[in-house]
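Here is the structure we will look at.
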Amino acid sequence: MKSINIRYALGATCIAASLLSQTAVAQIGEPYIHDPSTVMECDGKYYTFGTGGGGLISDDGWSWHGGAVRPGRGAAPDAVKIGDRYLVAYSATGGGLGGSHKGSVLTMWNKTLDPSSPDFAFTEPIEVAWSEDGDDCDAIDAGLLLDPVDGRLWLSYGTYFGFIRLVELDPATGARVEGNEPVDIAIDCEATDLIYRDGWYYLLGTHGTCCDGPNSTYNIVVGRSRDVKGPYLDRLGRDMLRGGGKMVIAARDNMTGAGHFGRYVEEEGVEKMSCHFEADFNRGGMSVLAFYPLLWRDGWPVAGEAFRGGTFEIESERRGYALELCVDFRRMEGSRHRFWEPVTEPLLPLKPQTLDDVIASWSDGDINVRLGDYMFRPHQKWTITEVPEAGGYLTAPYFKITIEGTERALAATSDAEVITVPQYTGALEQLWRIEQLVDGTYRIMPARIPGSDRKLVLMSVADSTPALGEFDFSSDNCKWRFRKP
């Protein structure tokens, strides 16, 4: 068995006493957890549960703190919302702890995940899967799938010790369907999760060695099948029952040991994935919760990249035009050499146009924006900077977007237009949510429309006209790319 099974000592109760220094990709607050469940939204807050009992809560999906309550302690829970209730599954024992492979997976219900709610009360747990010392499967690492096609409920479980198994549960009670026998679906992984998309069932498994901090080799792999019972094949056709699996995410961003995949679908075209990293080098090697955009390439899930600030061309997917200030185009002097004549002297590089060359001609007040051919001019270069103190959303903090070398900031207006104001002030209409979509493009959304609670995004309503409008993933008008100038 590859895993070093000390899961119980690395639970969500490992909360540090002080706020550590942050990086551009780290969840802020105290996101310390091991084996996190799929993230659940409940009454405007986000929850995830971990090994050891308890878990994390976030008001915005970006800043996390302890406080989630899950009785039963044990290991590696998962959660799913069914109707107006939440079902939580967890493992009571197992995983080779103390050399034993005897274990149980249990389920329990709650009307709410908010421990301060008067409706908060977990039901008594029900045993739905089990293993004995001599079995070739550990009853641990629960993963839940409510099939959106037929409403059936499935539980995957198991570790490196033997098989990953699948069993059907009753979505009304959370109990095991009477007479249902487990089906073997994978080996050589653990901490599995099942998801469904476009006619395919995907089995996400955690491969590699566990629970060894910076030396953990955990990584997440995937196979897919047209049938929930398998076979689950990877992109090369290798069966996960024979150790196959395509990589989804491994070590990155100064963190190692990626495990326990969870999928969060915000809306069509906007998906996030959660996991833990067993060692965040920037936080003293703590096990932490992390989020990335979830992309889909040729039908396969891939972890996107956490967006980082910098200076960019902001390019519309509609035509390829760049977002720019509505200012007069300032011509540059070109070569005096006529191209049909022989070159008889050294050719010197042209000096790029600079901000100092043009800024005196710009208005001191508000300046509108438009879309135009990108020519790496100062009025087309945007510096995007994270504003961590302003909060955020799943995957990232809010950003400010300014013209390079200035504090002239992109802002939303009350009539759903976009302008630039001469000075960034931190107002909500000057803060932007930047999210990578499942096709790799981005949507850009103001934190607030002045005087409105409408949820609008930056869009190209015509080839040269940017404005704010309703998000529609099927339309390129809502999609943008960031290119280095």
Check whether any side-chain N or O of [X] sits under 3.5 Å from a backbone N or O of [Y] as a donor-acceptor pair, and report yes or no.
{"X": "Arg176", "Y": "Asn180", "value": "yes"}
{"X": "Asp78", "Y": "Ala89", "value": "no"}
{"X": "Asp135", "Y": "Asp138", "value": "no"}
{"X": "Asp133", "Y": "Lys102", "value": "yes"}
{"X": "Ser37", "Y": "Ala79", "value": "no"}
{"X": "Ser287", "Y": "Ile33", "value": "yes"}
{"X": "Ser131", "Y": "Ala139", "value": "yes"}

Ile314 and Ile444 have their tightest heavy-atom pair at CG2-CD1, 4.0 Å
Tightest non-hydrogen contact, residues Gly50 and Arg70, listed as O-NH2, 2.8 Å
ring-ring contact (aromatic ring centres under 6.0 Å, His included) filter on Tyr46, not counting sequence neighbours, yields Tyr264
Residues passing the salt bridge (charged side-chain N to carboxylate O under 4.0 Å, His left out) test with Arg448, sequence neighbours excluded, are Glu429
Any Lys/Arg nitrogen of [X] or [Y] sitting under 4.0 Å from an Asp/Glu carboxylate oxygen of the other?
{"X": "Glu168", "Y": "Lys229", "value": "no"}
{"X": "Glu386", "Y": "Lys400", "value": "no"}
{"X": "Lys479", "Y": "Asp439", "value": "yes"}
{"X": "Asp136", "Y": "Arg165", "value": "yes"}

**Study point:** Distance-only donor-acceptor check, side chains Glu271 and Trp296, under 3.5 Å
**Key:** yes
Just by distance, no angles: are the side chains of Asp114 and Ser116 close enough, under 3.5 Å, to form a donor-acceptor pair?
yes
| query | Less than 6.0 Å separating the ring centroids of Phe482 and Tyr442? | reply | yes
If we only count heavy atoms from C-beta on, is the [X] to [Y] side-chain gap below 4.5 Å?
{"X": "Leu166", "Y": "Leu194", "answer": "yes"}
{"X": "Tyr201", "Y": "Asp227", "answer": "no"}
{"X": "Glu278", "Y": "Met255", "answer": "no"}
{"X": "Val302", "Y": "Lys246", "answer": "yes"}
{"X": "Cys211", "Y": "His34", "answer": "yes"}
{"X": "Val222", "Y": "Leu203", "answer": "no"}
{"X": "Arg483", "Y": "Phe312", "answer": "no"}
{"X": "Thr38", "Y": "Tyr47", "answer": "no"}

The reported gap from CZ in Arg238 to CG in Leu233 (rounded to nearest 0.5 angstrom) is 10.5 Å
| Taking it one step at a time, do Arg224 and Asp234 satisfy salt bridge (charged side-chain N to carboxylate O under 4.0 Å, His left out)? | CA-CA 6 Å; Arg224 69 181 187 181; Asp234 65 18; over 6 Å; no
From the list Leu204, Asn219, Ile220, side-chain contact (heavy atoms from CB on, under 4.5 Å) partner of Cys275 resolves to Ile220
Across all chains, not counting sequence neighbours, the side chain to side chain donor-acceptor pair (under 3.5 Å) partners of Ser274 are none
- Query: Centre of Tyr292's six-membered ring, under 6.0 Å away, within 45 degrees of the axis: is that where NZ or CZ of Arg252 sits?
  - Reply: yes
For this session: Report yes or no: is the cationic atom of Arg443 (NZ for Lys, CZ for Arg) closer than 6.0 Å to the six-membered ring centre of Trp480, at no more than 45° off its axis?
Result: no
